[in-house]
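Single-structure report; data block below.
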Amino acid sequence: MPTELAVESPPRRPWRAEDWAALLLALLLTLPALRALWQPGLQQMDDGLHHLFRLYSLDLALRAGHWDVRWLADEGFGYGFPVLNFYAPLAYYAGLVFRWLGAGYVTALELTLAAGLLLAAAAMYLFGRSLLGPWSGALAAVAYTWAPYHLTNTWVRGALAEQLAFVWIPLLLWAMLRAACAEGRPQRTAALGGSLAVAGLVVTHNLSVLLAAPVATAWGAFLLATAAKAQRPDLLRAFLLMALLGVLLSAFYWLPAIVELPQVLTGQAPDDTALWRSMMARPAFLVSHTWAQRYTILDQPDVMHPLGMAQGLLALAGLAVGLARRKRLSRRAQLAMPLWAALLAFALFMQSEWSQPVWRVPGLMMLQFPWRWQLVAAVATALLTAYAGLLAESPPSAAGRSARGAVLAALMTSAVAGLLMSAALPRLPWQGDTVYPNTDIPVTDATVDRRTLALYDYHRGLWLREHGSPWMFEYMPVGALPLRDRFFLSAGPAAAEEAPLAVQATAGRQRPLERRFAVRSAEPWTAQLHQFFFPGWQATVDGQPTPVRAEGPLALAAADVPAGQHEVVFRFGATPVRCAGWLLTALGAAAWVVGMVRLRRRRWLALVGVALLAYIGLAALQRHQAPTDYTPTPTTVTFGQEAQLVGFHFDPAELRPGGSNEVILNWLALRHPTTDYKVFLHLVDLNGTLWAQHDGEPGFFFTPTSRWQAGEFSEDFHYLEWRQENPPPGRYLLFIGLYDPATGQRLPVFDAAGQPIGDQVLLAELAK
């Protein structure tokens, strides 16, 4: 006699040609949503540049040999931010695969978003197929792809991490369903697979965990309630295993993020309740009033991101078909219909002004925006729409279907996709070939570098000073907060000039998260790094650890150095809580591997192992072919009594018209200057003709020399601009100096022995 579970579960059948055809069609119907890939430049997105430069900064760190990257040294206006200690990192690590396979940064970002759409469609198909059948799964995938909020996250908001979170939620629901439809080893296998979905969601977008929690909880409770009474304990244990392992596997991220959160400024929870209430929708506007979805607040002033009209109508149609043909469904699939409808109603309620009392629940306002609940609405409407596939699905008892039936099912799926596209595409604001803020520099693969990162940060900083929004400085260490609206402006004249440090230094190997210097001084002094202090900054003097603290008005990472000759190393490393997080992750990974071995799921293990090895191999290849760490050419020359040039680095082969022409200068401030000096780099021939130059403030725009502190080491990037093209063959000289832009007066230069050598320094002599 069959068990109750067997009666109420959907049939578990092997994949047939029809299943693969339905999946392929669902993916093909996703392709029109990838239009941005075929237009020049970067799609204009609210957060696109934000994610673009995080991707770029992470790549610089990985190609320098760092792996657990939490601090992005070039972010935070050149002072560094611990972005990836708090913002879930998986989306950026995944996006770099496209970069390492040959795409530029802009293309890699857009390909990651495109991959997110395709993977989300595939994930929803797997769940819909298991619950209702292949063509219902295809309908669910199509409805999920073309949910307006899904497209908004992809091409309007450019919310990379939140967009990729769409992949994990249907995978988690699918794993839970498979666990409910199995016993013994298959059930435990499903639990181990679901733990990867839990961990993946946590390390992709932490806020989406708050959205997925009620969906997964409701689905789990539903599966337990519809399971046979004797099988509920095993199923409950499977769900608990899934959750516990997922939490352990992701502990390397969430544990430090929670414990160290008080160390930074966060914009997670809005403190302006009036602004929050203004983002809630009146019930009449929860569903779009127009067939063509309007994506921006200018086009849809009454509410941001309502449910799409076509999206809602197709969900109602699917519900009606499901009710009409419920006898063809398993009991579990029948009872799931009101669950999806209830989740849709709950998501809309949470976006409406009626839900204001609910938002007083502690922690809920971490979601930032009430319209984030549209993610849950997208899941629910996709699954309700899937029931319309019953018009094409063969009954569970059917041994097969005719080719004609499959064609009709494909046509119906395409027709539904066409309806959704007709509503989603017309007003989608495709805007390619954009430029960086307040510039005429196009955002393309060729223009992503430290200069454009600095331009973006600079204009964000100006916007902040004009409008005062704190989220611009999200993740800034709290020690620097008092100066957050002016730290890149001139500090003005000092009250009294201080005596310069009697220190001589040369720069050693430089990496984004590690700086080495050889120093010599007759007296003890304090070395400061041009990076904000944050837990994890460590220092050694001759290999011996020395305490690191926040120093000065900008709370820079600083360490005391005794008199004498020493090697000083600053390094961003682990903290006890980060080590604890990695320990928990290691325990979870070990348990997962042991579980797979005991369950004899060697193919799963092989798949995960090959993926990890392939990623590590790609990263190692990039590290070998294009390393971003360097050892400067050492030098010890002093400019006035203000600063010492302790090293420089450039590639002579790149000093040509049209090349990157990057020159890196390593400075040591000997005191707090009273003037904002400019750096000049001049490339001249032996006749003194100027061929290329760059005059500018150190640190792009963010480090006027009046902000330098005595003992501060800084890395300064300059890009030579060519005044004349096609330089003739011959020898060229590269000079550097500092000058007062108000008077044009250059600072005198002294060699290591303290002897004057003019007002400029010859860095290199080149043959072209």
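In terms of heavy-atom proximity, Ala140 sits nearest to Ala386 at CB-CB, 3.7 Å. Between Ile441 and Thr439, the shortest heavy-atom distance links the atoms N-OG1, 3.2 Å. Contact record, Val83 with Arg54: CG1-NE, 3.6 Å, taken as the closest heavy-atom pair. When all heavy atoms of Ala378 and Phe166 are compared, the closest pair comes out as CB-CE2, 3.9 Å. What you find for Gln334 and Arg326 is that their closest heavy atoms are NE2-O, 2.8 Å. Residues Ala216 and Leu172 come closest through the heavy atom pair CB-CD2, 4.0 Å.
Between Leu58 atom CG and Tyr92 atom OH the span is 9.5 Å, to the nearest 0.5 Å. Summarising the geometry, atom CG belonging to Leu160 is positioned 10.0 Å from atom CG belonging to Asp47; distances are rounded to the nearest 0.5 Å. The distance from the CH2 atom of Trp146 to the CG atom of Leu117 is 8.5 Å, given to the nearest 0.5 Å. A distance of 8.5 Å separates CG in Leu255 from CD in Glu260, rounded to the nearest 0.5 Å. If you take NE2 on His50 and CZ on Arg157, they are separated by 11.5 Å, rounding to the nearest 0.5 Å. In this structure, CG on Leu49 lies 11.0 Å from CG on Leu455, to the nearest 0.5 angstrom.
Note: Trp373 and Phe346 meet the aromatic proximity criterion, with ring centroids under 6.0 Å apart.
No side-chain heavy atom of Pro256 sits under 4.5 Å from any side-chain heavy atom of Phe86. When side chains are defined from C-beta on, Gln44 does not count as touching Pro429, because their heavy atoms never get closer than 4.5 Å. Residues Val379 and Leu173 form a side-chain contact, since some pair of their non-hydrogen atoms from C-beta on lies under 4.5 Å apart. Arg372 has its side chain out of reach of Leu210: every pair of non-hydrogen atoms, C-beta onward, lies at least 4.5 Å apart. Considering only heavy atoms from C-beta on, Leu196 comes within 4.5 Å of Leu249 through its side chain. The side-chain heavy atoms of Asn153 and Gln374, taken from C-beta on, include no pair separated by under 4.5 Å. Side-chain atoms of Met350 and Trp359, non-hydrogen and from C-beta on, do get closer than 4.5 Å to each other. The shortest distance between side-chain heavy atoms of Pro283 and Glu353 falls below 4.5 Å.
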Working note: Tyr475 + Asn85, criterion side-chain hydrogen bond (donor to acceptor under 3.5 Å, both in side chains); need CA distance, chi angles, decisive distance, verdict.
CA-CA 9 Å; Tyr475 309 128; Asn85 198 59; over 6 Å; no
Decide yes or no on side-chain hydrogen bond (donor to acceptor under 3.5 Å, both in side chains) for Tyr105 and Asp59, but give the supporting numbers first.
CA-CA 10 Å; Tyr105 292 106; Asp59 186 35; 2.5 Å; yes
Trace of the side-chain contact (heavy atoms from CB on, under 4.5 Å) decision for Tyr56 with Arg99:
CA-CA 9 Å; Tyr56 169 72; Arg99 169 63 181 157; over 6 Å; no
Just do the side-chain hydrogen bond (donor to acceptor under 3.5 Å, both in side chains) check on Glu110 and Gln43 with the steps written out, would you?
CA-CA 8 Å; Glu110 292 187 329; Gln43 166 69 19; over 6 Å; no
How far apart are the C-alpha atoms of Ser57 and Asp74, what are their side-chain angles, what is the distance that settles it, and do they pass the side-chain hydrogen bond (donor to acceptor under 3.5 Å, both in side chains) test?
CA-CA 7 Å; Ser57 297; Asp74 292 298; 5.2 Å; no
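Aromatic ring orientation, Phe127 versus Trp340: perpendicular (interplanar angle above 60°, classes split at 30° and 60°). Ring orientation note: the planes of Phe532 and Tyr79 are close to parallel, at an angle under 30° on the 30°/60° scale. Using the six-membered ring where Trp is involved, His305 and Tyr149 have ring planes that are perpendicular, over 60° apart on the 30 and 60° scheme. Between Phe53 and Tyr436, the ring planes lie tilted relative to each other; the angle falls in the 30° to 60° range. Between Phe369 and Trp371, the ring-plane angle classifies as parallel under the 30° and 60° cut-offs.
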Show me the side-chain donor-acceptor pairs of residues 197-205 shorter than 3.5 Å, one per line, residues at least two apart or across chains.
unit_1, atom_1, unit_2, atom_2, d
Thr204, OG1, Trp168, NE1, 3.0
Thr204, OG1, Gly200, O, 2.5
His205, ND1, Ser208, N, 3.3
His205, ND1, Ser208, OG, 2.7

Considering only distance and modelled atom types, tabulate donor-acceptor pairs under 3.5 Å from the side chains of residues 24-38, sequence neighbours left out.
unit_1, atom_1, unit_2, atom_2, d
Thr30, OG1, Ala26, O, 3.0
Thr30, OG1, Thr145, OG1, 3.4

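A donor-acceptor pair under 3.5 Å is formed between the side chain of Tyr295 and the backbone N or O of Ala424.
Between the side chains of Ser422 and Trp291, at least one donor-acceptor pair of N or O atoms lies under 3.5 Å.
Remark: Arg294 pairs with no residue by the salt bridge (Lys or Arg N to Asp or Glu O under 4.0 Å) rule, at least two apart or across chains.
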